[in-house]
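Remember, it's 1-based here, ligands and their atoms both numbered in the order they're listed. Numbers here simply count residues along the sequence, with the first being 1.
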Amino acid sequence: MISIGNIKIEGNLVLAPMAGYTDSPYRRIAKNYGAALVVTELISADGIIRGNRKTMELLRFTEAERPIGIQLFGSDPDVMAEAAKRAEEMHPDFIDINIGCSVRRVLRGGSGAGLLSDPGLLGKIASTVVKSVRLPVSAKIRIGTDADNKNYIEIVNILQDSGIAFMAVHGRTRAQGFKGDVDWNAIAEIKAESSVPVIGNGDIRTYEEAMARLASTGCDAVMIGRAAVGNPWIFNGRIPDSDGIAKQIKEHLELMLEFYGEKGIKLFRKHIAKYIRGMKDSAKFRALLVNAETKEEILEHLDKFG
Ligand SMILES: Cc1cc2nc3c(=O)[nH]c(=O)nc-3n(C[C@H](O)[C@H](O)[C@H](O)COP(=O)(O)O)c2cc1C
């Protein structure tokens with residue numbers, strides 16, 4: 001079991017941060033099904049400093065999501081430290097540093113997984129952020145830049161020396177993006193070497209697989225991303241029938257409308273597409289549901305599932 005500061009984390013399955021998916025409504029749902037811990041999607045440190053409206057919206061969370069971390073990305077130690085201080089004012093349970101994001105927009109500024117090729121800067125960012133806030137600080141990393149530069153042991157040592165409270169490890173290199181094998185041996189090695197709790201991550205598709213990864217690596221927890229979208233029951237291993245899925249879709253829809261207003265319908269479409277994969281006749285209803293413009297339309301189509 002992981003402790004974050006004074007908080008003991010119940011359970012060992014964690015919802016991975018995913019931009020565009022793991023917003024406040026979805027984080028609440030994941031918690032309901034037993035996710036032990038959630039993290040916001042990545043949030044720009046620059047955006048926080050500038051008070052960018054869209055960025056500030058990403059900082060919103062509710063009490064039901066605790067324990068929750070706010071994840072920051074950036075490449076300037078002072079900007080990251082200032083952003084962490086402002087994020088701390090929102091009273092999350094911890095601050096998380098993104099050292100894993102491989103999308104171009106983030107890499108271009110040298111942030112995210114870009115930091116893996118500059119361990120000196122990475123260490124400076126981690127130690128400056130740790131010193132700037134009272135909250136625990138975690139990091140989410142990949143295992144290196146590419147197959148020839150799997151420098152994870154160096155990275156892990158730097159993070160530990162910087163005072164990081166725990167870390168999540170996506171067992172791929174930056175160059176791999178989201179493809180190719182996840183190196184769970186590297187994750188197990190990090191767990192064995194590390195003096196702080198380690199959360200393993202990568203390609204877990206079922207509750208049973210999650211349990212097997214926990215057992216084989218000795219990790220303190222494992223983190224589930226893509227397989228949790230439209231599939232929040234992955235956190236308790238009890239898959240509902242079609243009626244149960246329809247009920248969950250309706251609840252999620254209500255949360256989206258409450259949180260976002262009308263624009264919640266559009267934002268919900270990508271979730272619906274994933275939920276209905278598990279329902280019978282899903283191919284038939286997919287287009288209808290995904291193209292629905294109103295809550296009433298969605299409910300009407302859902303009622304035709306049986
Ligand atoms: C659409 C999408 C968005 C993501 N956004 C983030 C993010 O904001 N922060 C982060 O640390 N990782 C992000 N990730 C990476 C995931 O947290 C996770 O490490 C990765 O998907 C591997 O886990 P999985 O195989 O269980 O999905 C994202 C992944 C996806 C697919």
- request: For ligand 1, would you mind listing the residues that have at least one heavy atom less than 4.0 Å away, ordered by chain and number?
  value: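 These residues qualify: Ala16, Pro17, Met18, Ala19, Tyr21, Glu41, Leu42, Gln71, Asn98, Lys140, His170, Phe178, Asn201, Gly202, Asp203, Ile224, Gly225, Arg226.
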message: Exactly one of Val129, Ile141, Leu72, Leu159 should register a side chain to side chain contact (heavy atoms under 4.5 Å, CB included) with Ile97. Which one does?
response: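 Result: among Val129, Ile141, Leu72, Leu159, Val129 is the only option passing the side chain to side chain contact (heavy atoms under 4.5 Å, CB included) with Ile97.
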Test applied, side chain to side chain contact (heavy atoms under 4.5 Å, CB included); reference residue, Ile204; option that passes from Val222, Leu13, Val182: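 Of the listed options, the one satisfying the test is Val222.
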- prompt: After noting the C-alpha distance and the side-chain angles of Lys295 and Glu254, does the key distance pass the salt bridge (charged side-chain N to carboxylate O under 4.0 Å, His left out) rule?
  reply: CA-CA 9 Å; Lys295 173 181 162 182; Glu254 290 297 344; 2.8 Å; yes
field: salt bridge (charged side-chain N to carboxylate O under 4.0 Å, His left out) partner of Asp203, the single match among Arg213, Lys179, Arg226
entry: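 The passing option is Arg226.
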Set of residues satisfying side-chain hydrogen bond (donor to acceptor under 3.5 Å, both in side chains) with respect to Asp23, sequence neighbours excluded: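 In terms of side-chain hydrogen bond (donor to acceptor under 3.5 Å, both in side chains), with neighbours along the sequence ignored, Asp23 is linked to Tyr260.
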message: Once you measure the plane-to-plane angle for Tyr275 and His252, does it fall in the parallel (<30°), tilted (30-60°) or perpendicular (>60°) bin?
response: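 Answer is perpendicular, since the angle exceeds 60°.
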